[in-house]
Amino acid sequence: PENFWHDALEKLKLNINVHCNRENPIPKQGRLIIVSNHAFGVADGLTMCSLVTKIRQDYKLITHKVLRQAEAVKHKIIPFDFAQTKEAIKTNINSRKEAEEVLKNDGVLLIFPSGAISTKPKLKRKIKAIDGEWKQFTSKLAIRTKSPVLPMFFEGQNSELFHIANKIGQTFRYSLMMYELKRKIGKTINVHIGNIIPFKEIKTIGDLKEITKLLRNKTYNLDPDNN
C-alpha cells in the first residue's frame, strides 16, 4: 500500500512541496491524529497518505466511503458516511471503534474534520474556499484515546465550476471530483505542517467545542495568507 500513494502522485505528476520549520515533522512512533483542511477532495488525501507512508505504515485514513474502491488500500481506509440514515449510523459506530483501535495501538489516524470539501461561501473569484464546520468527532477521539494532534494545511482550492456545482447539490459535486483531480495533473501542491499539539494542552481545554476551535485555528494559521 505504501507504493500505491507514491505511484498515484507520480502518475498524476504531482509535485509536493512541504513547508515545515523542522526536519522530521511526522514522528516515527507513538499515537497521533493528523488533521487538515479538505482543499481538494482526492489530491489532499493522496498527499497526506504519501507523506505518512514515507515515515511509517501503522496509519489509517478516515474518509468518505466512496473512496474505498481502490482494492490495494481498502484496508487503510476507515469509511465514514455523512448521510443521516440508519445504515450510516451503523457504519459510523464501527468506524469509531476502528479509529479508536488504531490510536490505542499507537498508530496514526488521518482525518479531515469538516467531513466535506472546502467551498466558497459566496461565488466571487476573490473569495477563498474554506471548510465548513469542523465536527467534534476528532476532539472526542483525541480525548478518549489521549492522543496528540498534528495540523496540516493545503494551499489552493477547486475550480469555479466545482463551487457552482456545490450550490446545485452534493451528487453533482461528487461527480466533479475526478475532473478536479485531472485538473491537478502536473501541478505543485503546497502543504504546510505545523507543530504537534500535545494531549496535555488538549486535556487542559477539556470542552469539545473549544478543542475543535483550537484544532481548526492551528490548521488555518498555517495558511501563509494569514501570516
Side-chain angles (χ1 to χ4, degrees), residues 1-20 24-26 32-80 82 108-120 125 128-132 150-166 170-194 219-220 222-225:
E2 60 266 32
N3 292 334
F4 175 88
W5 311 110
H6 310 320
D7 291 349
L9 293 181
E10 239 169 62
K11 282 194 178 89
L12 293 163
K13 298 182 177 67
L14 283 178
N15 175 33
I16 309 303
N17 203 353
V18 178
H19 305 263
C20 188
N24 303 307
I26 298 165
L32 181 69
I33 298 172
I34 299 179
V35 297
S36 173
N37 62 317
H38 209 353
F40 309 122
V42 179
D44 39 16
L46 289 175
T47 304
M48 263 173 121
C49 290
S50 174
L51 291 173
V52 171
T53 53
K54 282 177 184 170
I55 311 296
R56 53 199 288 184
Q57 305 310 318
D58 57 344
Y59 70 94
K60 286 201 179 180
L61 168 72
I62 290 188
T63 189
H64 196 279
K65 59 176 187 164
V66 167
L67 298 176
R68 274 195 98 198
Q69 286 157 1
E71 206 54 49
V73 288
K74 203 174 177 179
H75 63 296
K76 287 296 185 186
I77 289 173
I78 299 177
F80 214 80
F82 295 96
V108 184
L109 199 70
L110 287 68
I111 187 165
F112 297 104
S114 68
I117 302 162
S118 303
T119 54
K120 289 187 172 196
R125 279 203 177 272
K128 278 173 86 165
I130 53 163
D131 276 5
L150 176 67
M152 277 189 191
F153 178 82
F154 285 88
E155 284 185 49
Q157 59 191 23
N158 284 331
S159 67
E160 291 297 311
L161 180 63
F162 178 85
H163 298 292
I164 293 164
N166 180 56
Q170 199 180 34
T171 314
F172 191 25
R173 192 174 73 203
Y174 279 130
S175 66
L176 277 176
M177 275 169 74
M178 287 305 132
Y179 163 77
E180 291 298 334
L181 191 58
K182 280 178 187 163
R183 279 184 72 247
K184 299 278 179 298
I185 291 172
K187 300 273 171 63
T188 294
I189 287 181
N190 285 294
V191 57
H192 300 259
I193 304 179
T219 300
Y220 274 91
L222 296 170
D223 181 352
D225 286 352

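When all heavy atoms are compared, the tightest approach of Pro25 to Ile193 is CB-CG2, 3.6 Å. The two residues Leu222 and Pro151 come nearest to each other via the heavy atoms CD1-O, 3.5 Å. The minimum heavy-atom distance linking Ser36 with Phe154 is given by the pair OG-CD1, 3.2 Å. Contact detail for Ile189 and Ala43: the closest heavy-atom pair is CD1-CB, 3.8 Å. Nearest heavy-atom pair, Ile34 versus Leu32, reported as atom, atom and distance to 0.1 Å: CG1-CD2, 3.9 Å. Looking at every heavy atom in both residues, Gly132 comes nearest to Ser114 through O-CB, 3.9 Å.
With Asn158 contributing its side chain and Phe40 its backbone, the two residues share a donor-acceptor pair below 3.5 Å. Distance alone, capped at 3.5 Å, is enough to place a donor-acceptor pair between the Lys76 side chain and the Gln57 backbone.
Of the residues Met48, His19, Met152, the one that meets the side-chain contact (heavy atoms from CB on, under 4.5 Å) test with Val191 is Met152.
Here the OG1-NE2 distance, from Thr119 to His38, works out to 11.5 Å after rounding to the nearest 0.5 Å. A distance of 4.0 Å separates CG in Asn15 from OG1 in Thr188, rounded to the nearest 0.5 Å. One distance of note links CD1 of Ile26 with SG of Cys20; it measures 8.5 Å at 0.5 Å rounding. Between atom CG of residue Leu46 and atom CZ of residue Phe4 there is a gap of 7.0 Å, rounded to the nearest 0.5 Å. In this structure, Asp44 CG and Phe153 CZ are separated by 11.0 Å, a value rounded to the nearest 0.5 Å. Between Thr219 atom OG1 and Leu150 atom CG the span is 9.0 Å, to the nearest 0.5 Å.
Side-chain contact, Asp131 with Asn37: no donor N or O sits under 3.5 Å from an acceptor N or O.
Residues passing the side-chain contact (heavy atoms from CB on, under 4.5 Å) test with Asn24, sequence neighbours excluded: none.
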- How far apart are the C-alpha atoms of Glu180 and Ile117, what are their side-chain angles, what is the distance that settles it, and do they pass the side chain to side chain contact (heavy atoms under 4.5 Å, CB included) test? CA-CA 12 Å; Glu180 291 298 334; Ile117 302 162; over 6 Å; no
inquiry  = Would Phe80 and Ile111 count as a side chain to side chain contact (heavy atoms under 4.5 Å, CB included) here? Give the steps.
reply    = CA-CA 10 Å; Phe80 214 80; Ile111 187 165; over 6 Å; no
- prompt: What's the verdict on side chain to side chain contact (heavy atoms under 4.5 Å, CB included) for Val42 and Lys184, showing C-alpha distance, side-chain angles and the deciding distance?
  reply: CA-CA 10 Å; Val42 179; Lys184 299 278 179 298; over 6 Å; no
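Counting only heavy atoms from C-beta outward, the side chains of Ser118 and Gln157 never approach each other to under 4.5 Å.
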